[in-house]
Student: 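Pasting a structure here, questions to come.
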2 protein chains.
Amino acid sequence: MYEKEYLMLPGPTPVPPRVLRALSEPLINHRGPSFKKLIEDVTEGIRYVYQTKHDVLILPASGTGGMEASIVNFLSPGDKVLALSIGAFGDRYATIAKNYGCIVDKVDFEWGTAIDLDVVKAQLDADVNQEYKAILVTHNETSTGVCNDLEGLGNIRGDHPALLLVDSVSGLGVMDVRPDEWGLDVVVTAAQKGFMIPPGLAFISVSPKAWEAYAESKAPKFYWDLGSAKKFLEKGQTPVTPALPQYTGLREALKIFQEKGMDYMFAKQLYLRDMTRAAVKALGLKPLAEDAISSAAVTAVWAPDGIEAKAINKKMREEYNVVLAGGQKQLENKIFRIGHLGYVQHLDILATIGALEMCLQELGYPVVLGQGTKAVQEVIMSRKGII
Amino acid sequence: MYEKEYLMLPGPTPVPPRVLRALSEPLINHRGPSFKKLIEDVTEGIRYVYQTKHDVLILPASGTGGMEASIVNFLSPGDKVLALSIGAFGDRYATIAKNYGCIVDKVDFEWGTAIDLDVVKAQLDADVNQEYKAILVTHNETSTGVCNDLEGLGNIRGDHPALLLVDSVSGLGVMDVRPDEWGLDVVVTAAQKGFMIPPGLAFISVSPKAWEAYAESKAPKFYWDLGSAKKFLEKGQTPVTPALPQYTGLREALKIFQEKGMDYMFAKQLYLRDMTRAAVKALGLKPLAEDAISSAAVTAVWAPDGIEAKAINKKMREEYNVVLAGGQKQLENKIFRIGHLGYVQHLDILATIGALEMCLQELGYPVVLGQGTKAVQEVIMSRKGII
C-alpha cells in the first residue's frame, strides 16, 4: 500500500521504525548463549516498565493467552472467584475462569462506568468465610475506554486472602501501575499495546503470594505452566520455542522506555488522552467515560444522533486511511474508539481530529472545520516544554 | 554480531532474506479488510503445503501450543488414548494428554527407532471394545531424527474409530504428508520448521471426523478453541490478536513454496538429508537412525567414542559459528544433531561438514580433511540438474 495509514486502534498500535527493523534480525538458537542474554535483558526491561520486583515471565501468546495463564496457574476447578466486569474484556476474563471450572460470582457494572469500590467492599464483607480465592479485574477496559482504580481495589481487598488478578493488557506501560505497592498479585499484559511492538507475546507478573497459590493449583495445564517458564528462565531459556522477532523488537522498544523514563511515558499518554477528549468535546460529541475514569490508551465516543458509528469509521478508513475501532456487543454501531497508545504522537491526534471533522461534516453533522483541531492545538501549546 | 552464523538446527531455522524483510511491514488492523485478505491468502497457501482439503487453522502459539490444541479440542477427561512415542516429543504429546485427564496407554519404542506397525496393530486388535478415542503419534521425531510411516499407520488404524492425531511440527512442508489420503484427522505443525518463517504460529488441520469429535469434547478451553477460530476465520479474523509479522512473513514464504512446487521442496530436503548422511558415514560416524526411517529435517549422529557431543557442538559454535543441536534426555551428550530444514542449501551442508572435520580432528578423532566434504560433493554432483 502506498498510502500512509494512521493506525488509531487500541492495539495493534503503530510501531517505531527502529523496532520494525529489529524484527528482521537473523534467527538464533533459542537454547544458546545469545538468546540467554536476550531473554535476561528483556526480562529486566519488562520489570522496569512494570515497576515491580515480582517475577515477570514472557509467554508465546496474545494477551488472552496471558489471561488464561493467570487463571490456570493459580486456581483449581471448584474455586470461588469474584469477577468484576465493566465491559467486553471483563466478560472474557469471567468466561475463561468459568470454562476452567471456577465458580464465578460476576458483578457487572454499566458499560462506560468503572467498578464501584463500595459494591466490591460489600461483596468482600459478605464473604465472611473468605471463600473467594481470587478477584478478577480489568485495569483498562479497551471496549469502553474506562480505567479502574487498582490502588483503591488493592486497599479494599486488604487482608482478604483472595489473590488480585489483573488484566492490564491495554493498561500496562500506558498508565502508572504499581504491582508491589498496590498488592496486585498477578498482572497480565501484551506486546501490541503499551509496549509498542507487534503482537505475539504476553507478559505476566507473579507475586510471592501467587506462587504459593500456584503450588496448590489443580487446573490442567502444560503450555501455560508458569512454574516451567520460571525454571527455564533460570537457565536463560523458554519451555517452548519463543517468537524471536518479537523478542528482538522488544529489546529495541525497551531501550526507548529506558531512554525516556516512565514518568515521561505516562505523562505523554495523559497528554494524548487530554487532547483527544478536548477535541471530541469541542465538536459537541460525548465521550463514553467521565473524565475521572478515562483511559490514557483509548477514547470511546458516542456517535452523534442519527449517524451510525460504522459509517464514521468506514469513511475515515476509506477516504483518509485513518483506522478507528468500533463498538463491541451492545455498543456496536453506537460508539467509535480512538486509540492513542503505542507509537502515536500529538500531530497524529491533530490529523485524526482533522479527518474526523471532514467526515462528520459530510455525514451531515454540523461542524465548523478547525473546531476540534483548535482544541488539540491548545492542549499541545499549553504543555509545550513539558512533553 | 558481525560473524555470519550457520543455524543448523531443527528449528528455528534460517529464514530467507525476503521473508525477514516482510516481517517489518507496518502494523495493520486485525479486524479490517487488509487482514481479511491476508488471512484468506495464507490459509489457502498453508493448505497447499499441507496438501489437504481439510480445514486448516492458524494459532498464535508455538508448535507445543498446537499439540495442546489437538488434545483439548477433540478429547475429554477420562478418554482413553493410545500414545506412540519414539522420543522426547512423543513423550511430550503423551504428557499433555495426561495433564488434561486422558487415560494414556503409552507405547514406547527405543529412541532412534520408528514405531513398529505390528505392535500398533496388536494394540488396536486388543482394543476389542474400541475404547481408544485417539492415537497420538509424532511424524518426525526431532529429538532422534526418525520419521514414522504415517501412511502405514493410517492403514493399520483402518476402521477403528480412534482419531489419528499427528504432531508433524518438524515434518510438515519438509516431507510428503497427505492428511486426506492417509486418514490423518488432525495434523499440527509450526512456523519455524518447514515453513521457513520465524516462530510464533502453529497450524492445525482438522478432518470432518475430527470436527464431530470436537462437538463432543468436554476438555476445558478458551484460547485453544478451534470452533471459535473457525467461526472467526469465516469473517476473515482470528479470535485474539494475531502475531502480525509472522503472517506477513508467511505470505512471502508461501510464495516460495508456490514458485518452487511441493515436489521440488520435498526432493530438496531428501537431497540435503542424503548428503549429510553420506558425509557422516564417510567420516566413520554413525547416524542414530537407519536409512529407511531417517528424517529429511534433521540428522542425529552418535559422538565418536571418547569424545563428548557437547564438546563438538561447543567447538563448532565458538570457532566456526556453526550452531548444532545436542541430545535430549537419555541422549544428552551422546549425540549431536544437524538440522537441514528451512532456508538451508547444499553449500551450507558442505560448510558444516568442513567445519565438523576440523573440530573432530582437533578433538583427537582421526579425520583426513576432505573425507566428509567429498561425500557431500558427490551427492551434489550426482543430482545436478534435478534440484
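Naming: A, B, ... by sequence-line order, numbering from 1 per chain. Since we're looking at a predicted model, the values are computed, not measured.
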Student: Can you find a heavy atom in the side chain of B:Leu23 that is under 4.5 Å from one in the side chain of B:Glu252?
Tutor: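 Side chain of B:Leu23 against side chain of B:Glu252, heavy atoms only: no contact under 4.5 Å found.
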
Student: Ignoring hydrogens and angles, state whether a donor on the side chain of B:Tyr247 or B:Asp41 is under 3.5 Å from an acceptor on the partner side chain.
Tutor: no

Student: Can you say whether B:Pro33 sits under 4.5 Å from chain A via the side chain, the backbone, both, or neither, judging by heavy atoms?
Tutor: side chain

Student: Heavy-atom pairs under 4.5 Å with chain B are the metric here; pick the option from A:Ala325, A:Ala22, A:Pro242, A:Gly249 that has the most.
Tutor: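 Among the listed options, the one with the most contacts to chain B is A:Pro242.
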
Student: How many angstroms lie between atom OG of B:Ser34 and atom CG of B:Leu27, to the nearest 0.5 angstrom?
Tutor: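 Result: 12.0 Å between the selected atoms.
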
Student: In the structure I gave you, are the side-chain heavy atoms of B:Gln328 and B:Arg337 within less than 4.5 Å of one another anywhere?
Tutor: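 Yes - at least one pair of side-chain heavy atoms lies under 4.5 Å apart.
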
Student: Of all of A:Val72, A:Thr241, A:Val323, A:Ile71, which one pairs up most often with chain B through heavy atoms under 4.5 Å apart?
Tutor: A:Thr241

Student: Could you check which of B:Gly342, B:Gly200, B:Pro198 has the highest count of heavy-atom pairs closer than 4.5 Å to chain A?
Tutor: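 Most heavy-atom pairs under 4.5 Å with chain A: B:Pro198.
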
Student: Distance check, rounded to the nearest 0.5 Å: A:Tyr6 atom OH versus A:Asp348 atom CG?
Tutor: 6.0 Å

Student: Would you compute the distance between atom CZ of B:Phe232 and atom NE2 of B:His30 and round it to the nearest 0.5 angstrom?
Tutor: 9.0 Å

Student: Does NZ in B:Lys106 sit with more than 12 non-hydrogen atoms of other residues, nucleotides or ligands closer than 6.0 Å?
Tutor: yes

Student: Is B:Arg317 in contact with chain A via its backbone, its side chain, both, or neither, using a 4.5 Å heavy-atom distance?
Tutor: side chain

Student: Might you confirm whether atom NZ of A:Lys98 has over 12 heavy atoms from other residues, nucleotides or ligands at distances under 6.0 Å?
Tutor: no

Student: Could you tell me which portion of A:Leu7 (side chain, backbone, both or neither) has an atom closer than 4.5 angstrom to a non-hydrogen atom of chain B?
Tutor: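 Just the side chain, heavy atoms under 4.5 Å.
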
Student: Of the listed residues (A:Ile96, A:Leu201, A:Leu59), which shares the most heavy-atom pairs with chain B below a 4.5 Å separation?
Tutor: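 The candidate making the most pairs under 4.5 Å is A:Ile96.
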
Student: In Å and rounded to the nearest 0.5 Å, what is the CD1 to CE distance from B:Ile204 to B:Met67?
Tutor: 10.5 Å

Student: Is it true that a side-chain atom of B:Asn140 and a backbone atom of B:Val169 form a donor plus acceptor pair closer than 3.5 Å?
Tutor: no

Student: For chain A, which candidate among B:Ala219, B:Ser62, B:Gly63 shows the most heavy-atom pairs at distances under 4.5 Å?
Tutor: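 When all of B:Ala219, B:Ser62, B:Gly63 are compared, B:Ser62 has the most.
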
Student: Can you tell me which portion of A:Leu9 sits under 4.5 Å from chain B's heavy atoms? Options are side chain, backbone, both or neither.
Tutor: side chain

Student: Does the side chain to side chain donor-acceptor pair (under 3.5 Å) test come out yes or no for A:Ser217 and A:Asn73, once each step is laid out?
Tutor: CA-CA 6 Å; A:Ser217 162; A:Asn73 278 281; over 6 Å; no

Student: Before accepting this row, confirm whether a basic side-chain N of the pair A:Glu332/A:Lys310 lies closer than 4.0 Å to the acidic partner's carboxylate O.
Tutor: yes

Student: Can you tell me which of B:Pro239, B:Pro199, B:Ala243 forms the most heavy-atom pairs within a distance under 4.5 Å of chain A?
Tutor: B:Pro199

Student: Please state whether the side chain, the backbone, both or neither of B:Ile28 comes within less than 4.5 Å of a heavy atom of chain A.
Tutor: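 Both parts, heavy atoms under 4.5 Å.
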
Student: Side chain, backbone, both or neither: which part of A:Pro77 has a heavy atom under 4.5 Å from chain B?
Tutor: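 Answer is neither: A:Pro77 stays 4.5 Å or more from chain B.
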
Student: Residue by residue, scan residues 188-195 of chain A and write down, ordered by number, those that have a heavy-atom distance under 4.5 Å to chain B; if none do, write 'none'.
Tutor: A:Gln192

Student: Considering only heavy atoms, which portion of B:Gln246 lies under 4.5 Å from any heavy atom of chain A: side chain, backbone, both, or neither?
Tutor: side chain

